[in-house]
**Student:** 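If you scroll down you'll find the structure; I have some questions about it.
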2 protein chains.
Amino acid sequence: MPDSRGTDMDRTVRLAQDLLFFAYRDFTNAADVLLEEIGLGRAHHRALHFIGRNPGMTVSELLAILRITKQSLARVLGDLVTRGFVAQAKGGADRRQRLLTLTESGAALEQRLFARQHACLAPAFEAAGPEAFAGFQAVMRAIMDPEARSVLDAAGDTDVR
Amino acid sequence: MPDSRGTDMDRTVRLAQDLLFFAYRDFTNAADVLLEEIGLGRAHHRALHFIGRNPGMTVSELLAILRITKQSLARVLGDLVTRGFVAQAKGGADRRQRLLTLTESGAALEQRLFARQHACLAPAFEAAGPEAFAGFQAVMRAIMDPEARSVLDAAGDTDVR
DNA sequence: TAAATAGGTCAGTATTATTGACTCATCGGC
DNA sequence: GCCGATGAGTCAATAATACTGACCTATTTA
């Protein structure tokens, strides 16, 4: 006999809190074993993911997406550059910028990490069906702030349908 | 001109990675300002949330849900008990157990934190509509591991519809 | 030329988590 | 009633991720 208090929307929000916690936990866990083998953390994975998704992006752009400080990113990015997973090139238009790309081995690593999360997510989407995915996408987009939505659109995350 | 490589499902999974990252980030951020005022962290919020949702749960059950170690929980739970937000009662059937409940002030605090996330989530669900929410729920349930799904069911998270 | 911007760096600290090794009280089966 | 298993708590050391604040360099722009 759970929460029978509150409005319908209150109960919906409580449910959603649980859904977000468990789904996000298991989604991120999917890549953890591999990350530990390599000796990297989730922060490194996030950086690899977004650099792979937006090749040639600047450090500022990555900072804006991750919403962490320059000093926090420095450690992570330093590790990735040192170990040869990420390359930095001077910007053409603005030579102060460092354009970030994955190296060949960085792309290979990202691919292996991607495979883990693919194994977690793809069966879920198959099971739930395309209409459910459309609803999922609509809700997730509505939850995030407008700036994140435009980042998504800029990245070419058009409805995959 | 983004990822045109990979299968349709590959692109769907890439999109989902972004959706999960941004939505979860902004969902958790919603309560952060209030948490900082109170001098607590997200880990404290998670504990308050699940204790409020499952009153009388044991420490073991909470550990199983959060999937952290006893030592990690000890700090968080210690803070919450010391500051009078959580009460511990000896179990009736098994007196080794400590049954966790929110105190009056704990429930009040959880309510204030809940309000922040309500303000983030409710408008999103209103905007996306009930069918989208159903799809969101189906996908999120499918992403999490079976154990988490049964925790959800046990908590009375029946389809809110 | 001067201010602003992109990026990097050093130093110190906080939060959340980990592993490992214990103690104590209580339960349950024999 | 004893004894191993279990629920909970604790001490100590460490790691990952993040923060603030203060600087520095190179480059762009007004």
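Protein chains get the first letters and strands the later ones, always in sequence-line order, with residue 1 at the start of each. None of the values given here were measured: they were computed from a predicted structure.
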**Student:** Can you tell me the distance, in whole Å, between the CG atom of B:Asp94 and the C1' atom of D:dA8?
**Tutor:** 11 Å
**Student:** Is the closest basic N to carboxylate O distance between A:Glu110 and B:Arg14 below 4.0 Å?
**Tutor:** yes
**Student:** Ring centres under 6.0 Å, that's the criterion: do A:Phe50 and B:Phe21 meet it?
**Tutor:** yes
**Student:** Reading DNA chain D from 5' onward, which residue's closest nucleotide shows up sooner: B:Gln71 or B:Val59?
**Tutor:** B:Val59
**Student:** Please confirm whether the shortest side-chain N or O distance from B:Arg42 to OP1 or OP2 of C:dT16 is below 4.0 Å.
**Tutor:** no
**Student:** Look at B:His44 and C:dT16 and indicate whether a side-chain polar atom (N or O) is within less than 4.0 Å of OP1 or OP2.
**Tutor:** yes
**Student:** Within this structure, what is the CG-to-P distance between A:Leu80 and C:dG8, rounded to whole angstrom?
**Tutor:** 13 Å
**Student:** Output yes when at least one side-chain N/O atom of A:Thr69 is less than 4.0 Å from OP1 or OP2 of D:dC19, else no.
**Tutor:** yes
**Student:** Contact class for A:Gln88 vs. all strands (heavy atom < 4.0 Å): base, sugar-phosphate, or nothing?
**Tutor:** sugar-phosphate
**Student:** Where do B:Arg116 and B:Asn29 land on the side-chain hydrogen bond (donor to acceptor under 3.5 Å, both in side chains) test, with the steps shown first?
**Tutor:** CA-CA 9 Å; B:Arg116 300 299 183 105; B:Asn29 278 351; over 6 Å; no
**Student:** Between C1' on C:dG8 and CG on A:Leu62, what's the gap in Å once rounded to a whole number?
**Tutor:** 15 Å
**Student:** Tell me whether the rings of A:Phe136 and A:Phe133 are parallel (<30°), tilted (30 to 60°) or perpendicular (>60°).
**Tutor:** tilted
**Student:** Between atom NZ in B:Lys70 and atom P in C:dT23, what is the gap in whole Å?
**Tutor:** 13 Å
**Student:** Just wondering, do B:Thr12 and B:Thr7 contact through their side chains at under 4.5 Å, heavy atoms?
**Tutor:** no
**Student:** Which is more 5' along DNA chain D, the nucleotide nearest A:Lys90 or the one nearest B:Leu99? Just name the residue.
**Tutor:** B:Leu99
**Student:** Whole Å only: how far is the CG atom of B:Leu73 from the P atom of D:dT10?
**Tutor:** 12 Å
**Student:** Once you round it to whole Å, what is the distance between P of D:dG7 and CZ of B:Arg98?
**Tutor:** 13 Å
**Student:** Please determine if a side-chain N or O atom of B:Arg46 lies less than 4.0 Å away from the OP1 or OP2 oxygen of C:dA17.
**Tutor:** yes
**Student:** Could you give the CG-to-P distance, from A:Asn29 to C:dT18, as a whole number of Å?
**Tutor:** 10 Å
**Student:** May I ask you to verify if any side-chain N or O of B:Ser72 is less than 4.0 angstrom from the OP1 or OP2 atom of C:dT16?
**Tutor:** no
**Student:** Under 3.5 Å, is there a donor-acceptor pair between the side chain of B:Arg149 and the main chain of B:Met144?
**Tutor:** yes
**Student:** Using five base pairs at each end, measure the axis-to-axis angle across the helix from C:dT1-D:dA30 to C:dC30-D:dG1 and round it to 10 degrees.
**Tutor:** 30°
**Student:** Is there any ring pair (Phe, Tyr, Trp, His ring centres under 6.0 Å) pair reaching into residues 69-114 of chain B, and which pairs are they, with sequence neighbours excluded?
**Tutor:** B:Phe114-B:His118
**Student:** Is a donor on one side and an acceptor on the other found under 3.5 Å between the side chain of A:Gln117 and the backbone of A:Phe27?
**Tutor:** yes
**Student:** I want to check one thing: is the phosphate of D:dC24, taken as OP1 and OP2, less than 4.0 Å away from some side-chain N or O of A:Arg96?
**Tutor:** no
**Student:** Applying a 4.0 Å non-hydrogen cut-off, can you work out what A:Ser60 is touching in the nucleic acid: base, sugar-phosphate, or nothing?
**Tutor:** sugar-phosphate
**Student:** Quickly work out the A:Asp32 CG to C:dA17 P distance and round it to whole Å.
**Tutor:** 13 Å
**Student:** By nearest heavy atom, map A:Leu63 and B:Gly41 onto DNA chain C; which one lands nearer the 5' end?
**Tutor:** A:Leu63
